[in-house]
Structure formats: C-alpha cells, structure tokens
Amino acid sequence: MKRALVTGGSGALGAAICRALARDGLHVIVHANARLKQAEALAGELGAAEAVAFDVTDAAATGAAIERLLAAGPIQVVVNNAGIHRDAVMAGMTHEAWREVIDVSLNGFFNVTQPLLLPLLRTRWGRIVNVSSIAALLGNRGQANYAAAKAGLIGATRALALECASRGVTVNAVAPGVIESDMAADAFPPERIKALVPMQRAGTPEEVAELVAFLASERAGYITGQVIAVAGGLG
C-alpha cells in the first residue's frame, strides 16, 4: 500500500483530501500542528491512516518527524496543503504577518518535501501535489503575503517537476478559489460570491480534493508541472 502525507490534514480542505486519498486505497498520514486531536480523530475514521504533529516552519522538528516516518518506508504521495492567512493591506501589514505566511506555505513546502525526495525518487514512482491559490494567479487585496507565498509555490512546482520527471515522479499544483469554510464565510458573503465568481457559488473542499486525488493517481502519470485552478471560472 502506497503511503501519502497530507500537511494541514486536520483542516477542512486537508480532511477532504485525506478522505479522497484513503478512498483510493492509500495509507494516509494526517499532519497537524496544533490540532493533533482532530488529526487523530480523522485517522481513526479513515482506518488505514495515522496522525502526526509537527510545525512545518521548524526545519529541525520537521526533519526529525519525517525521519521517523521514513523508517517505515518511502512516502510516495506528498500533498503540501499547510497554509495560513494573516490578511492586511500592505501599508498596514506587520513584518510578522508577512514572515509567518511565507514560512508556512513556502518554507514549509521545502522543509517537508526536501527530506522526502531521495527516498521517493528511488522508487521511480511518486506524486507531489502543492495546494496554491487563485490569489497567486490573480492577486487579492489584503493578501500580498499570501499571494506571494502561493505564487512562490507555483514557481517551485514547475522547477521541481523538471527535476523529477525522468524518475516517474510528477509535481503539480492546484489553485483553489473561494472554497466553503468558516473563514471564507466571513470574508466572502453570498452577494460578493455571486458578483465575483462566474458560477455564483463557492466551491466545496470535496471538489478540490477530487482533483488532488486524480493528480495523485496512476491516471495522471503524464501530467506534471501544471497549475490547475478550481475556482468556478474565476481567473
């Protein structure tokens, strides 16, 4: 059974991705930082799964956790989903808000993915899926930090895809738009969604998860270096 690590797996989108991968027969490692109990509950629900907690911005702690995970064998599917918001217009944005968002989405991607790469490449089969955002493609007022982090993730996706292609490892990104969540409900009231999104509704975590699961499957073996929006026509 192939193993999959989903960072940020305890959140709404991460949990949907974990469920889709488990449904497709993968052993899922549900990652959390502060929400270990939620990750453990989800792992219990999935069955062939386990939970792990570490801070993706802490390179040493991440490396130690991954070393323990690799003791059981290579992880062949990696979904870099961890991310945070610290929204503010740039004129009022703090250095901490800028740094924290970059640290989680972009440095966290490196801290998680780099130590997994050599064991993964040796298997000559793998899937890396990075969760970016439509904000990386279009920008969004009050999200210069988030857009920059997610755009950096797209650049890393395309470069890493070239490095891994000859070993049968694909690297792709998905770019969700407005997706149903408690946070989105506050930021995007129904009338704004209707004006902003051509399909006039928010997407669901499950709709994003289906794309991630496809990109993580055998069926997507000739797709790499791509960025695919799940945004209801936005962008």
Side-chain angles (χ1 to χ4, degrees), residues 2-9 13-14 17-18 20-21 24 26 28-29 31 56-57 59 62-63 65-67 69-70 73-83 101-139 143-177 208-231 234-235:
K2 292 184 175 70
R3 302 163 75 212
L5 171 62
V6 180
T7 67
L13 177 54
I17 292 169
C18 289
L21 295 177
D24 289 352
L26 293 163
V28 178
I29 302 163
H31 163 265
V56 298
T57 70
T62 300
I66 287 174
E67 185 177 358
L69 291 170
L70 288 174
I75 294 169
Q76 289 178 278
V77 174
V78 185
V79 181
N80 288 294
N81 172 65
V101 171
I102 299 288
D103 268 354
V104 175
S105 285
L106 194 52
N107 294 333
F109 152 79
F110 178 83
N111 291 340
V112 169
T113 307
Q114 194 276 340
L116 292 171
L117 275 176
L118 286 180
L120 170 59
L121 291 169
R122 291 188 191 109
T123 71
R124 294 188 172 273
W125 190 98
R127 303 286 186 261
I128 299 171
V129 183
N130 300 318
V131 179
S132 181
S133 170
I134 198 71
L137 303 176
L138 303 181
Q143 290 190 333
N145 50 359
Y146 186 73
K150 294 300 189 179
L153 193 57
I154 288 173
T157 296
R158 288 178 166 145
L160 186 58
L162 297 176
E163 295 176 8
C164 295
S166 66
R167 296 299 186 96
V169 175
T170 67
V171 188
N172 292 289
V174 300
V208 180
E210 287 300 325
L211 176 58
V212 174
F214 170 71
L215 292 172
S217 72
E218 294 278 1
R219 304 185 302 279
Y222 202 57
I223 301 171
T224 196
Q226 302 305 301
V227 181
I228 306 173
V230 187
L234 183 62

Interatomic distance, CG@L70 vs CG@L116, rounded to 0.5 Å, equals 5.5 Å

Partner residues of A148 under the side chain to side chain contact (heavy atoms under 4.5 Å, CB included) criterion, sequence neighbours left out: W98, I102

Just jot down the ring-ring contact (aromatic ring centres under 6.0 Å, His included) partners of F109, sequence neighbours excluded, or say none. none

Tell me, do C164 and L117 make a side-chain contact under 4.5 Å, heavy atoms counted? yes

For T113, which residues count as a side chain to side chain donor-acceptor pair (under 3.5 Å) partner, sequence neighbours excluded? N80

Rounded at 0.5 Å granularity, tell me how far CG in L211 sits from CD1 in I17. 9.5 Å

Using the side chain to side chain contact (heavy atoms under 4.5 Å, CB included) criterion, which residues pair with T57? Sequence neighbours excluded. D55, D103, V104

Hits for side chain to side chain donor-acceptor pair (under 3.5 Å) against T157, two or more places apart or cross-chain, chain-then-number order -> N130

Measure the spacing between CD1 of I75 and CZ of R3 and express it to the nearest 0.5 Å. 5.0 Å

Under the side-chain contact (heavy atoms from CB on, under 4.5 Å) test against L215, which residue among V77, V171, V174, T224 passes? V174

Side-chain donor/acceptor of T62 to backbone N/O of V112, under 3.5 Å: no

H31 side-chain N/O to G8 backbone N/O, donor-acceptor pair under 3.5 Å: yes

Listed partners of N145 passing side chain to side chain donor-acceptor pair (under 3.5 Å), at least two apart: none

When rounded to the nearest 0.5 Å, the distance separating OG of S105 from OH of Y146 is 6.0 Å

What residue pairs, at least two apart or across chains, pass salt bridge (charged side-chain N to carboxylate O under 4.0 Å, His left out) with a residue in residues 145-158? none

Less than 3.5 Å apart, which donor and acceptor atoms pair up between the side chains of residues 118-129 and the rest of the protein, not counting sequence neighbours?
from : atom 1 : to   : atom 2 : distance (Å)
T123 : OG1    : Q76  : NE2    : 3.1
T123 : OG1    : L120 : O      : 2.7
T123 : OG1    : W125 : N      : 3.3
T123 : OG1    : W125 : O      : 2.8
W125 : NE1    : E218 : OE1    : 3.2
R127 : NE     : S217 : O      : 3.0
R127 : NH2    : S217 : O      : 3.2

Hey, could you give me the OG/CG distance between S132 and L153, rounded to the nearest 0.5 Å? 5.5 Å

Closest non-hydrogen atom pair between I134 and G177, with its separation: CG2-CA, 3.6 Å

What is the minimum heavy-atom distance between L21 and A213, and which atoms define it? CD2-CA, 4.0 Å

Using side chain to side chain contact (heavy atoms under 4.5 Å, CB included), reason through V79 and V212 one step at a time and then give a plain yes or no. CA-CA 8 Å; V79 181; V212 174; 4.0 Å; yes

All side chain to side chain contact (heavy atoms under 4.5 Å, CB included) counterparts of A147, not counting sequence neighbours: A135

Among residues at least two apart in sequence or on other chains, which ones pass side chain to side chain donor-acceptor pair (under 3.5 Å) with E210? R23

Please tell me if the side chains of N111 and V56 come closer than 4.5 Å, counting only heavy atoms from C-beta onward. no

Can you run down the side chain to side chain donor-acceptor pair (under 3.5 Å) pairs that involve residues 162-173, sequence neighbours left out, and say none if there aren't any? none

